[in-house]
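Okay, structure first, notes after.
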Amino acid sequence: QVQLVESGGGLVQAGGSLRLSCAASGSIFSINDMGWYRQAPGRQRELVAYISRGGSANYVDSVKGRFTISRDDAKNTVYLQMNSLKPEDTAVYYCYAYVKPLGTPLSSYWGRGTQVTVSS
């Protein structure tokens, strides 16, 4: 019943910016934490950032000062603004959310991923 759809990935030069969006849709009662993971070839999946329902944001050290996570509860959407991008940011980015669907308990949901490629 619930799905997450990412958008905004693509190819950008080092030093450039991208904004990722992830919209949740379906039979949603409420949404708690939302965030972003990324996975690069040969590396484990890494939690990049997450944001609570109250707006408290957290980041992995490597992106602090460059990335900003935000959410729009009216649109059931989480964003990741990525500035000063580096080649090491290249990865598939996945959004997730803890969602309580109508009539069922709270559970985690994931998007299919969007590719971010940073060239130098």
side-chain contact (heavy atoms from CB on, under 4.5 Å) assessment of Q115 paired with T90: CA-CA 8 Å; Q115 177 70 48; T90 296; 4.0 Å; yes

How far apart are the C-alpha atoms of R66 and K86, what are their side-chain angles, what is the distance that settles it, and do they pass the side-chain contact (heavy atoms from CB on, under 4.5 Å) test? CA-CA 10 Å; R66 300 189 298 121; K86 305 175 180 179; 3.9 Å; yes

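Across all non-hydrogen atoms, the minimal contact from V92 to G113 is CG1-CA, 3.9 Å. Considering every non-hydrogen atom in both E46 and V60, the closest pair reads OE2-CG2, 3.7 Å.
Note that CG of D72 and CE of M34 are 10.0 Å apart. Values are rounded to the nearest 0.5 Å. We find the CD1-CG distance between I51 and N32 to be 13.0 Å, quoted to the nearest 0.5 Å. The structure places CD1 of I69 at 9.5 Å from SG of C95, a figure rounded to the nearest 0.5 Å. Distance check, rounded to the nearest 0.5 Å: CG of L20 to OH of Y93 gives 7.5 Å. In this structure, OH on Y96 lies 7.0 Å from OH on Y50, to the nearest 0.5 angstrom. S119 OG to Q13 CD: the interatomic distance, rounded to the nearest 0.5 Å, is 5.0 Å.
Judged by the 6.0 Å and 45° rule, K64 forms no cation-pi pair with Y59. Judged by the 6.0 Å distance and 45° axis criteria, R19 is not positioned over the aromatic ring of W36.
N83 and S17 form a side-chain donor-acceptor contact under 3.5 Å, judged by distance and modelled atom types alone.
Under a 4.0 Å N-O distance rule, the pair D89/R38 qualifies as a salt bridge. We find that D73 and K75 are not joined by a salt bridge, their nearest charged nitrogen and carboxylate oxygen being 4.0 Å or further apart.
Within 6.0 Å of CZ on R112 lie no more than 12 heavy atoms contributed by other residues, nucleotides or ligands.
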